[in-house]
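Single-structure report; data block below.
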Amino acid sequence: QRQLAESGGGLVQPGGSLRLSCTGSGLTLDYYNIGWFRQAPGKEREGVSCTTGTDGNTYYADSVKGRFSVSKDNAKNTVYLQMDNLKPEDTANYYCATINPCDSGYGSRWQGYLELWGRGTRVTVSS
């Protein structure tokens, strides 16, 4: 059974950092486009980043550029979302997904196909 599992969320003060993990089971993440998304209560889903499975290029939503970065550990079948300089507006449930497409047109309002996604991990940025 193919599954994605996110972890690493928590409570952090503004300006702080968190690193989220997306670990796959039953599938090799490096073969897939992996997207990170977030959804705050009462708000629509927002695209955060996507990383291509073909060449590892990563695209970021404007709201997180320069603050968030994605990395992979293929040995652990895990994709990481490093979040720095966190702001209260980053508060949301974050989840990863295998997606199509992932290209330079990716942004917060990305509307594509999510094939498989996890249950998410909660991030709260508050003083």
Side-chain angles (χ1 to χ4, degrees):
Q1 184 178 3
R2 302 188 311 154
Q3 291 182 329
L4 297 176
E6 303 89 344
S7 62
L11 173 64
V12 63
Q13 292 186 340
S17 298
L18 282 174
R19 188 179 75 162
L20 306 184
S21 300
C22 171
T23 300
S25 57
L27 74 163
T28 302
L29 295 190
D30 200 39
Y31 295 165
Y32 294 86
N33 300 330
I34 302 297
W36 281 98
F37 298 88
R38 64 188 183 186
Q39 188 163 19
K43 294 188 177 181
E44 294 186 353
R45 182 191 72 199
E46 180 182 12
V48 174
S49 71
C50 76
T51 301
T52 62
T54 52
D55 50 18
N57 286 335
T58 300
Y59 304 95
Y60 298 94
D62 288 343
S63 58
V64 305
K65 278 181 183 176
R67 300 189 298 123
F68 290 12
S69 61
V70 171
S71 61
K72 291 182 178 182
D73 186 335
N74 290 336
K76 295 182 178 180
N77 204 26
T78 298
V79 176
Y80 300 101
L81 179 67
Q82 177 68 40
M83 307 188 296
D84 298 319
N85 190 21
L86 283 160
K87 304 176 181 180
E89 51 264 41
D90 294 319
T91 295
N93 187 55
Y94 285 71
Y95 60 98
C96 60
T98 59
I99 69 168
N100 273 302
C102 174
D103 53 31
S104 58
Y106 185 88
S108 61
R109 297 185 178 184
W110 178 90
Q111 294 290 332
Y113 175 63
L114 276 70
E115 180 196 20
L116 179 70
W117 57 94
R119 299 181 67 177
T121 184
R122 179 75 178 172
V123 172
T124 302
V125 184
S126 175
S127 55

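- How far OG1 of T78 is from CG of L20: 12.5 Å, rounded to the nearest 0.5 Å.
- Evaluation of the side chain to side chain contact (heavy atoms under 4.5 Å, CB included) rule for S69 yields Y60, Q82 as partners, not counting sequence neighbours.
- Under the salt bridge (charged side-chain N to carboxylate O under 4.0 Å, His left out) criterion, D62 pairs with K65, not counting sequence neighbours.
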Donor-acceptor list for residues 24-36 side chains, cut-off 3.5 Å, not counting sequence neighbours:
from, atom 1, to, atom 2, distance (Å)
D30, OD1, K72, NZ, 2.8
Y32, OH, R2, NH1, 3.2
N33, OD1, G53, N, 3.0
N33, ND2, I99, O, 3.3
N33, ND2, N100, OD1, 2.9

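- In terms of the salt bridge (charged side-chain N to carboxylate O under 4.0 Å, His left out) criterion, R19 has no residue partners (sequence neighbours excluded).
- Residues forming a side-chain hydrogen bond (donor to acceptor under 3.5 Å, both in side chains) with T98 (at least two apart in sequence, or on another chain): E115.
- Sorted by first and then second residue, the pairs that involve residues 78-100 and meet salt bridge (Lys or Arg N to Asp or Glu O under 4.0 Å), not counting sequence neighbours, are R38-D90, R67-D90.
- Grouping the Ile, Leu, Val, Met, Phe, Trp and Tyr side chains by contacts below 4.5 angstrom, directly or via other members, places Y106 apart from M83.
- Note: the hydrophobic cluster containing V79 does not contain Y59 (ILVMFWY, side chain heavy atoms under 4.5 Å, direct or indirect links).
- The OG atom of S21 sits 9.5 Å away from the CG atom of L81 when rounded to the nearest 0.5 Å.
- Judged as a disulfide bond (SG atoms under 2.5 Å apart), the pairs with a partner in residues 26-58 (not counting sequence neighbours) are, in order, C50-C102.
- What you find for G107 and A61 is that their closest heavy atoms are C-CB, 4.3 Å.
- Scanning for ring-ring contact (aromatic ring centres under 6.0 Å, His included) contacts around Y95 gives F37, with sequence neighbours left out.
- Applying the disulfide bond (SG atoms under 2.5 Å apart) rule to pairs touching residues 55-101 yields C22-C96, sequence neighbours excluded.
- Residues passing the side chain to side chain contact (heavy atoms under 4.5 Å, CB included) test with A40 are K43, A92, sequence neighbours excluded.
- Listed here is the closest heavy atom pair of S49 and V70: OG-CG2, 3.4 Å.
- Judged purely by atom type and a 3.5 angstrom limit, S108 has no side-chain atom pairing as donor or acceptor with the backbone of E46.
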Can you give me every donor-acceptor pair (side chain of residues 117-127, partner residue at least two apart or in another chain, under 3.5 Å) with its distance?
from, atom 1, to, atom 2, distance (Å)
T121, OG1, G9, N, 3.0

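- Every residue was checked against the salt bridge (charged side-chain N to carboxylate O under 4.0 Å, His left out) condition with K76, not counting sequence neighbours, and none meets it.
- No continuous path of hydrophobic side-chain contacts links F68 to Y80 [ILVMFWY only; heavy atoms under 4.5 Å].
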